[in-house]
Amino acid sequence: MSAADGPARAADEILDIVDEDDRVTGRSPRGEAYARKLRHRCAFVLARDAEGRIFVHRRTPTKLVFPSLYDMFVGGVVGAGESYDEAALREAEEELGVSGLPRPEYLFKFLYDDGAGRTWWSAVYEVRCDLPVRPQAEEVAWHAFLTEAELERRLSEWTWTPDSLAAYERLRATRARERERPS
């Protein structure tokens with residue numbers, strides 16, 4: 001979905017609706033999927049610059065989900081018939097305002113569930129972006145590349161999107177387990 005299409009067009013984007021095992025059970029416009037709390041798919045991409053800093057941004061107030069909250073991932077919904085890999089690259093390039101990114105590296109997938117009916121399968125990726133970013137004004141109200149230490153300090157100070165916070169906590173736990181494994 002192009003940023004030029006705006007929030008109204010974003011609500012019309014068709015999504016695959018999936019079950020608890022991530023199998024497609026139907027299709028629905030995004031706005032209806034959100035309103036009816038239908039399970040769908042999302043891609044999360046942790047974007048790092050050449051110095052290893054993480055792209056962090058505050059979402060615009062016009063976003064359909066979690067407006068004006070901070071996020072340490074770029075990404076979004078996976079369109080109907082689209083793979084997680086395709087969505088990760090498309091969404092990263094759109095939100096960062098770049099083209100020619102390397103394919104994001106797949107890390108893991110989990111089922112996000114807020115306990116209040118908002119649930120989606122979330123594939124988490126990482127990509128290095130050495131290109132100058134020009135984030136979409138329709139998606140990103142503020143942005144910066146932060147060191148991991150600075151991001152960690154901000155976790156308790158800023159209000160984060162709950163799904164990206166869940167993904168980030170899983171990523172930290174995964175990396176901690178990897179460091180503990182004997183070589």
Side-chain angles (χ1 to χ4, degrees), residues 1 3 6-7 10-11 30 34 37 39-78 84 87-98 101 104-180:
M1 182 71 36
R30 183 197 305 210
Y34 289 176
K37 298 181 178 175
R39 187 179 296 116
H40 53 282
R41 295 172 169 160
C42 291
F44 293 72
V45 183
L46 190 78
R48 293 181 182 270
D49 68 5
E51 297 173 36
R53 297 175 303 179
I54 298 169
F55 180 84
V56 174
H57 66 284
R58 188 168 39 81
R59 297 162 62 89
T60 60
T62 58
K63 295 291 287 179
L64 294 174
V65 174
F66 308 133
S68 300
L69 299 186
Y70 287 90
D71 202 335
M72 69 283 288
F73 292 93
V74 294
V77 297
V78 177
Y84 284 108
L89 180 59
R90 174 184 54 77
E91 288 282 351
E93 288 187 335
E94 284 178 6
E95 283 194 36
L96 294 171
V98 302
L101 274 181
E105 175 191 357
Y106 174 81
L107 302 175
F108 59 88
K109 184 172 75 167
F110 73 101
L111 179 61
Y112 172 76
D113 188 335
D114 72 355
R118 284 201 277 201
T119 178
W120 40 86
W121 276 101
S122 308
V124 179
Y125 294 80
E126 188 166 357
V127 72
R128 182 170 159 163
C129 178
D130 293 337
L131 304 164
V133 297
R134 292 182 273 324
Q136 289 179 330
E138 299 84 3
E139 303 266 343
V140 176
W142 169 90
H143 74 280
F145 280 96
L146 302 182
T147 65
E148 287 191 46
E150 178 66 16
L151 173 57
E152 291 290 327
R153 280 194 298 276
R154 299 296 184 189
L155 289 177
S156 63
E157 296 173 9
W158 296 347
T159 306
W160 298 86
T161 62
D163 57 345
S164 66
L165 196 54
Y168 188 70
E169 289 169 355
R170 281 178 164 78
L171 178 59
R172 283 193 310 185
T174 299
R175 297 256 161 92
R177 283 191 302 275
E178 289 170 356
R179 284 191 297 273
E180 293 171 1

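Positions are given from 1, in the same order as the sequence printed here. Quick caveat: nothing in here was measured; it's all calculated off a predicted structure.
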Student: Less than 6.0 Å separating the ring centroids of His57 and Tyr70?
Tutor: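 No, too far apart.
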Student: Is it the case that the side chains of Glu152 and Tyr168 hold a donor-acceptor pair, with the cut-off being a distance below 3.5 Å and no angle test?
Tutor: yes
Student: Check whether Arg59 reaches the backbone of Phe66 with its side chain - one donor and one acceptor, N or O, closer than 3.5 Å.
Tutor: yes
Student: Donor-acceptor pair, Glu95 side chain versus Gly75 backbone, under 3.5 Å?
Tutor: yes
Student: I'd like to know if the side chain of Thr161 and the backbone of Asp71 have a donor-acceptor N/O pair within less than 3.5 Å.
Tutor: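 Side chain of Thr161 to backbone of Asp71, a donor-acceptor pair under 3.5 Å: no, none is there.
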Student: Apply side-chain contact (heavy atoms from CB on, under 4.5 Å) to Tyr34 and Arg118, showing your working.
Tutor: CA-CA 8 Å; Tyr34 289 176; Arg118 284 201 277 201; over 6 Å; no
Student: Would Arg153 and Glu150 pass as an ion pair if we require N to O under 4.0 Å?
Tutor: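 The answer is yes: the pair qualifies as a salt bridge.
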Student: Anything under 30° is parallel, anything over 60° is perpendicular, the rest tilted; go ahead and classify Phe110 against Tyr112.
Tutor: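 Judged by the thresholds at 30° and 60°, the geometry between Phe110 and Tyr112 is perpendicular.
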Student: Is any side-chain heavy atom of Val74 closer than 4.5 Å to one of Phe55?
Tutor: yes
Student: Once rounded to the nearest 0.5 Å, what's the spacing between atom CG of Leu111 and atom CH2 of Trp121?
Tutor: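 These two atoms lie 5.0 Å from each other.
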Student: For residues Arg30 and Val77, determine if any side-chain heavy atom of one lies less than 4.5 Å from a side-chain heavy atom of the other.
Tutor: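 Contact flag for Arg30/Val77 side chains = yes.
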Student: Between atom CH2 of Trp142 and atom CZ of Arg58, what is the distance when rounded to the nearest 0.5 Å?
Tutor: 8.5 Å
Student: Okay, side chain of Glu148, backbone of Ile54: is any donor-acceptor separation there less than 3.5 Å?
Tutor: no
Student: Is there a donor-acceptor pair under 3.5 Å between the side chain of Arg90 and the backbone N or O of Ala88?
Tutor: no
Student: Between the side chain of Thr60 and the main-chain N/O of Val140, is any donor-acceptor distance below 3.5 Å?
Tutor: no
Student: Does Lys63 come within less than 4.0 Å of Glu139, counting only side-chain N to carboxylate O?
Tutor: yes
Student: Less than 4.0 angstrom from a charged side-chain N to a carboxylate O is my criterion; do Glu180 and Arg175 meet it?
Tutor: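 The answer is no: the pair does not qualify as a salt bridge.
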Student: Any chance the side chains of Trp120 and Asp163 put a donor and an acceptor closer than 3.5 Å?
Tutor: yes
Student: Given 3.5 Å as the limit, does a donor-acceptor pair link the side chain of Lys109 with the main chain of Tyr84, or not?
Tutor: no
